[in-house]
2 protein chains.
Amino acid sequence: MSKSKIQVDENGKLKCCLENTLSIIGGKWKLVILWHLGVEGIHRYNELRRLMPGITHKMLSQKLKELESNGLVHREQYNEVPPRVEYSLTEKGYSVMPILEAMHKWGNDNW
Amino acid sequence: MSKSKIQVDENGKLKCCLENTLSIIGGKWKLVILWHLGVEGIHRYNELRRLMPGITHKMLSQKLKELESNGLVHREQYNEVPPRVEYSLTEKGYSVMPILEAMHKWGNDNW
DNA sequence: CCGTATCCTCTCGGATACTG
DNA sequence: CAGTATCCGAGAGGATACGG
């Protein structure tokens with residue numbers, strides 16, 4: 001097994017990339033949310049809740065807001081009664097799919 | 001942007017893959033440790049400490065032990081004076097490199 | 001040199017109730 | 001339906017001191 005192609009640009013540079021990335025898509029729920037939106041497309045708020053039985057109201061809205069402010073998720077609100085809000089991935093959101101695929105593959109290979 | 005190739009096998013199956021993967025390589029330090037060992041090869045304990053200025057004694061030894069018990073890291077102890085311990089990646093450890101590369105690339109592209 | 005043991009802080013995430 | 005507010009507990013992570 002040869003060494004990786006990854007090279008460090010300067011002192012600590014790559015480490016910072018990893019930490020920056022983790023700060024945006026880390027935690028218990030963000031990758032799962034991104035996966036649902038990436039694989040299945042647009043979802044309403046309560047659809048996402050049903051798809052993630054373990055998540056709480058607070059976590060879902062909080063993580064969606066964080067993902068939106070980081071430009072990974074787009075929030076479309078329709079002023080109807082009852083209210084309707086649809087979430088989808090942005091271009092930047094889709095760009096994390098390779099990470100998701102790599103993790104999914106690794107999870108499959110090691111279980 | 002078309003949908004991802006990821007497909008869900010059954011109800012919640014892929015989500016579990018992600019969560020299992022996260023449980024092993026998640027957290028603040030594990031990916032950084034794997035990166036150093038994967039890119040630079042074998043390292044002694046104190047070398048790793050110097051490469052990760054922020055990490056504490058407790059975290060480094062704790063995370064190394066977890067990575068070892070999960071079969072990602074190999075620990076080789078030499079009974080000399082002073083003691084010497086070398087850490088390296090196992091085959092399974094190297095198998096997480098695609099995830100690391102994907103995250104590194106994403107971090108670079110988005111900064 | 002390479003750790004472990006304690007103790008402590010602080011953030012993440014959960015439960016529950018309330019609002020437009 | 002789609003959230004926000006408040007409170008709370010557990011556990012991750014840090015500082016420091018001690019041991020083999």
Side-chain angles (χ1 to χ4, degrees), chain A residues 15-16 18-37 40-70 72-88, chain B residues 12 15-16 18-37 40 42-70 72-88:
Chain A
K15 195 193 86 185
C16 290
L18 286 180
E19 289 179 350
N20 289 335
T21 301
L22 284 173
S23 72
I24 290 189
I25 62 172
K28 187 175 179 178
W29 293 111
K30 285 184 176 177
L31 286 178
V32 181
I33 294 173
L34 291 173
W35 162 61
H36 279 292
L37 294 178
E40 302 153 6
I42 296 177
H43 274 305
R44 299 179 60 166
Y45 181 84
N46 272 346
E47 285 175 354
L48 284 172
R49 276 203 83 193
R50 257 174 270 118
L51 292 168
M52 291 176 276
I55 202 169
T56 63
H57 238 355
K58 176 188 170 182
M59 279 302 108
L60 181 54
S61 63
Q62 181 176 312
K63 296 309 166 188
L64 280 171
K65 204 177 343 184
E66 291 174 15
L67 289 170
E68 187 193 1
S69 77
N70 284 321
L72 301 182
V73 161
H74 173 68
R75 180 181 187 275
E76 189 70 37
Q77 177 166 356
Y78 302 90
N79 290 318
E80 310 169 345
V81 243
R84 182 160 60 101
V85 179
E86 289 182 345
Y87 291 93
S88 55
Chain B
K15 195 193 85 185
C16 290
L18 286 181
E19 290 178 349
N20 289 336
T21 302
L22 284 173
S23 72
I24 291 190
I25 61 173
K28 188 174 178 180
W29 293 111
K30 285 184 176 177
L31 286 178
V32 181
I33 294 172
L34 291 173
W35 163 60
H36 279 292
L37 294 178
E40 302 154 7
I42 296 177
H43 274 305
R44 298 179 60 166
Y45 181 84
N46 272 347
E47 285 175 353
L48 284 172
R49 275 203 85 193
R50 257 174 268 119
L51 292 168
M52 291 177 277
I55 201 168
T56 62
H57 237 357
K58 176 186 170 183
M59 279 302 110
L60 181 54
S61 63
Q62 182 176 310
K63 296 309 168 188
L64 280 170
K65 204 178 340 185
E66 290 175 16
L67 289 169
E68 187 193 0
S69 78
N70 283 321
L72 301 183
V73 161
H74 174 69
R75 181 181 185 274
E76 189 70 38
Q77 178 166 354
Y78 303 89
N79 290 318
E80 310 169 347
V81 244
R84 183 161 60 101
V85 180
E86 290 182 345
Y87 291 93
S88 55

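In the text below, chain A, chain B and the rest are named by the order of the sequence lines, each starting its count at 1.
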Can you tabulate the close N/O pairs, meaning under 3.5 Å, that link protein atoms to atoms of nucleotides 14-16 of chain D?
unit_1: D/dG14; atom_1: OP1; unit_2: B/Lys28; atom_2: NZ; d: 3.0
unit_1: D/dG14; atom_1: OP2; unit_2: B/Trp29; atom_2: NE1; d: 3.3
unit_1: D/dG14; atom_1: O6; unit_2: B/Lys58; atom_2: NZ; d: 2.1

Can you give me the closest heavy-atom contact between A/Met52 and A/Val32, atom names plus distance?
SD-CG1, 3.7 Å
Quick one: on DNA chain D, does B/Gly27 or A/Leu64 contact a more 5' nucleotide (nearest heavy atom)?
A/Leu64
Of all the nucleotides listed (D/dG3, D/dA2, C/dT4), which has the minimum atom distance to the side chain of A/Arg84?
D/dA2
The side-chain contact (heavy atoms from CB on, under 4.5 Å) partners of A/Ser23 (sequence neighbours excluded) come to none
Assign B/Arg49 to base, sugar-phosphate, or nothing according to its heavy-atom contacts below 4.0 angstrom with the strands shown.
nothing
Taking D/dG20, C/dT4, C/dG13 as options, the one with an atom nearest any side-chain atom of B/Lys65 is C/dT4
I want to verify a distance call: between D/dA2, D/dG13, D/dG3, whose nearest atom is closest to the B/Lys63 side chain?
D/dG13
Measuring from the side chain of B/Tyr45 (C-beta onward, heavy atoms only), which nucleotide among C/dG3, D/dA2, C/dC1 has the closest atom?
C/dG3
Does a nitrogen or oxygen in the side chain of B/Arg44 sit under 4.0 Å from OP1 or OP2 of C/dC2?
yes
When you measure from the side chain of A/Lys30 to the backbone of A/Lys63, do you find a donor-acceptor pair of N or O atoms at a distance under 3.5 Å?
no
Report which part of the nucleic acid B/Tyr87 touches: base, sugar-phosphate, or nothing (heavy-atom distance under 4.0 Å, all strands).
sugar-phosphate
Heavy atoms only: give me the nearest A/Leu34-A/Val73 pair and the separation to one decimal.
CD2-CG2, 4.1 Å
Using the side-chain heavy atoms of B/Arg75, tell me which of these nucleotides is nearest: D/dC1, D/dG3, C/dC2.
C/dC2
Mapping B/Ser61 and B/Arg50 onto DNA chain C by nearest heavy atom, which one lands closer to the 5' end?
B/Arg50
Determine whether B/Lys65 and B/Arg75 make a side-chain contact, defined as any pair of heavy atoms from C-beta on separated by less than 4.5 Å.
no
As a test of reading the structure: which of D/dC1, C/dC2, D/dG3 is closest to the side chain of A/Asn46, going by heavy atoms?
D/dC1
Could you state the CD-C1' distance from B/Glu19 to C/dC12, rounded to the nearest angstrom?
15 Å
